[in-house]
Amino acid sequence: MPELPDVEFVKRRLARALVGATITRAECSDRRILRPTTPNAFRRALIHHAVREVNRRGKWVRVVLDDETRLFSHLGMTGWWIDVKVDAPQETAERARLDVVRSGRARSLRYLDSRRFGRLLIAKRDIADWTGLGPDPLSDGLDPAVLAAALARSRRPVKDAIMDQSILAGIGNIIATEGLFHARIDPRTPSDALSSTDVEKIVRGLDKTIGKQLAVRLGSKRDDWHERFAVYGRSGEPCSRCKTPIEHIVIGGRTSAFCPKCQAAQRGRRRTSPT
DNA sequence: CGGCATGTTGCGCA
DNA sequence: TTGCGCAACATGCC
């Protein structure tokens, strides 16, 4: 279930287990997930090396080894990492494992991914997928002026634009949908038609959504995934604010739920477009 | 059975 | 050159 807060959660789990630990076993035989890394290269690059740091940008996690080699992990649609005992049985849909030892204590990190849209790859330095990411809302913070400048460069629907990983790192369909609901902005609004006030509202809406999702992730109480959202997946249900039935449209090939009243297209205060 | 899904890429066509 | 729509990827759930 990976969007930014989920990836952050996984990143913290990996950091807690891996930083300062030495890898004693590394396996992944799935060439689809590894592309373009090979199973042999995966094992050879990792085994017997110590982990220096674990970072996250957007939906990517980066594990840096003592020799500067990097392991990049993207969770795709159904990827996830768990931390188990070394002798734990293989999980359903387990695609890779990293066994580590630190201070004499051994743990095993297992990568699970039923649909196998995720990635695991080895590189000697940072890859374009990583360096090309825009600012990360959580680790870099959102600067409304910077975001406004980026949004002004495109006529795309704003929901499309904020899901562009080179504009903002880590925003997926759920956070975009929820963030725009909180901001009361119509997801179809051309991004170059947003006022600076609109952009500030979007920043607050995204921050609120990310913060809430992360809190759910870090909290101990179990929740039903469904109940977390105000509009996502709630077409036909009454808007929590105004009771108007939630509608959905397709933007950029992705289902986009919104309240047609709270998020009504703002007319008559468009920024003047360049001629 | 069909439809849909949290993500990304690649292709064909303006 | 740029941008957009859409299919594809592989699997599970309703």
Side-chain angles (χ1 to χ4, degrees), chain A residues 1-11 28-37 56-61 72-81 91-96 111-121 127-134 136-138 150-181 187-188 190-192 206 209-210 212-214 216-217 223-237 246-258 273-274:
Chain A
M1 335 176 183
E3 279 204 47
L4 191 152
D6 307 294
V7 183
E8 174 66 18
F9 180 81
V10 157
K11 177 260 174 182
C28 181
S29 56
D30 193 307
R31 288 172 178 274
R32 154 164 292 280
I33 290 170
L34 282 175
R35 67 186 184 283
T37 301
R56 180 194 59 77
R57 280 187 74 185
K59 300 169 194 169
W60 282 95
V61 175
F72 287 96
S73 171
H74 192 293
L75 304 177
M77 199 82 104
T78 53
W80 201 244
W81 283 93
E91 299 280 332
T92 305
E94 182 179 310
R95 312 296 186 192
Y111 178 66
L112 282 36
D113 189 347
S114 64
R115 287 170 74 178
R116 297 191 287 141
F117 286 178
R119 306 280 305 278
L120 281 174
L121 63 101
I127 58 176
D129 284 324
W130 174 270
T131 58
L133 292 170
D136 184 282
L138 202 57
L151 293 177
R153 269 184 248 116
S154 169
R155 257 153 275 91
R156 274 186 295 176
V158 59
K159 172 158 176 290
D160 225 6
I162 61 177
M163 289 174 65
D164 182 332
Q165 301 299 298
S166 69
I167 292 178
L168 281 184
I171 306 302
N173 200 30
I174 293 178
I175 292 175
T177 296
E178 294 287 306
L180 290 173
F181 172 76
R188 296 163 293 193
S191 78
D192 66 352
L206 293 174
T209 305
I210 291 167
K212 196 198 285 182
Q213 299 290 311
L214 189 57
V216 171
R217 267 277 165 235
D223 69 310
D224 9 9
W225 192 68
H226 252 111
E227 297 306 308
R228 294 194 219 167
F229 312 119
V231 286
Y232 178 85
R234 293 191 180 281
S235 266
E237 296 180 35
I246 300 299
E247 295 178 6
H248 71 276
I249 53 178
V250 174
I251 298 174
R254 313 299 297 276
T255 295
S256 309
F258 67 106
S273 46

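Naming convention: chains lettered A, B, ... in sequence-line order (proteins, then strands); numbering from 1 in each chain.
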Suppose you measure atom [atom1] in [N] against the same atom in [M]; what distance do you get, rounded to whole Å?
{"N": "B:dG3", "M": "C:dA7", "atom1": "P", "result": "13 Å"}
{"N": "C:dG12", "M": "B:dT9", "atom1": "C1'", "result": "22 Å"}
{"N": "B:dG2", "M": "C:dA8", "atom1": "P", "result": "15 Å"}
{"N": "C:dC6", "M": "B:dC4", "atom1": "P", "result": "14 Å"}

Check your understanding: From B:dG7, C:dC4, C:dA10, pick the nucleotide closest to the side chain of A:Arg156?
Key -> C:dC4

Exercise for review: Would you classify A:Asp129 as touching base, sugar-phosphate or nothing, given that sugar-phosphate means primed atoms plus P, OP1 and OP2, and contacts are heavy atoms under 4.0 Å?
Suggested key: sugar-phosphate

Check your understanding: Just checking A:Gly253: base, sugar-phosphate only, or nothing, at a heavy-atom cut-off of under 4.0 Å?
Key -> nothing

Check your understanding: Are the side chains of A:Met163 and A:Asn173 in touch, meaning some heavy atoms are under 4.5 Å apart?
Key -> yes

**Study point:** Within-4.5 Å side-chain heavy-atom neighbours: A:His74 and A:Val7
**Key:** no

Exercise for review: State whether the distance check finds a donor on one side and an acceptor on the other, under 3.5 Å, for side chain A:Arg115 versus base B:dA5.
Suggested key: yes

Check your understanding: With stacking defined as ring centroids separated by under 5.5 Å and planes differing by under 30°, is A:Phe117 stacked against C:dC9?
Key -> yes

Looking at [N], I'd like to know if its phosphate oxygens (OP1 or OP2) sit under 4.0 Å from a side-chain N or O belonging to [X].
{"X": "A:Arg254", "N": "B:dT8", "result": "no"}
{"X": "A:Lys59", "N": "B:dT6", "result": "no"}
{"X": "A:Thr255", "N": "B:dA5", "result": "yes"}
{"X": "A:His74", "N": "B:dG7", "result": "no"}

Can you give me the closest heavy-atom contact between [X] and [Y], atom names plus distance?
{"X": "A:Arg95", "Y": "A:Ser114", "result": "NH2-O, 3.1 Å"}
{"X": "A:Ile246", "Y": "A:Val231", "result": "CD1-CG1, 3.5 Å"}
{"X": "A:Lys159", "Y": "A:Thr255", "result": "NZ-O, 3.9 Å"}
{"X": "A:Gly134", "Y": "A:Ala169", "result": "O-CB, 3.4 Å"}

Check your understanding: Under a 3.5 Å cut-off on both pairing distances, which runs of 3 or more consecutive Watson-Crick or G-U pairs involve DNA chain B?
Key -> B:2-5 with C:11-14, B:7-14 with C:2-9

For [X] and [N], what is the distance between atoms [atom1] and [atom2] respectively, to the nearest whole Å?
{"X": "A:Arg95", "N": "C:dA10", "atom1": "CZ", "atom2": "P", "answer": "11 Å"}
{"X": "A:Met77", "N": "C:dA8", "atom1": "CE", "atom2": "P", "answer": "16 Å"}
{"X": "A:Met163", "N": "B:dG7", "atom1": "CE", "atom2": "P", "answer": "6 Å"}
{"X": "A:Ile167", "N": "C:dG3", "atom1": "CD1", "atom2": "C1'", "answer": "13 Å"}
{"X": "A:Arg119", "N": "B:dG7", "atom1": "CZ", "atom2": "C1'", "answer": "12 Å"}
{"X": "A:Leu4", "N": "B:dT6", "atom1": "CG", "atom2": "C1'", "answer": "12 Å"}
{"X": "A:Gln165", "N": "B:dG7", "atom1": "CD", "atom2": "P", "answer": "8 Å"}
{"X": "A:Asp160", "N": "B:dT8", "atom1": "CG", "atom2": "C1'", "answer": "13 Å"}

Practice item. Under the ring pair (Phe, Tyr, Trp, His ring centres under 6.0 Å) rule, collect the residues that match up with A:Phe117, sequence neighbours excluded. Key: none

Point to revise | Sidechain-backbone polar pair: A:Glu91 side chain, A:Leu112 backbone, donor-acceptor under 3.5 Å | key: no

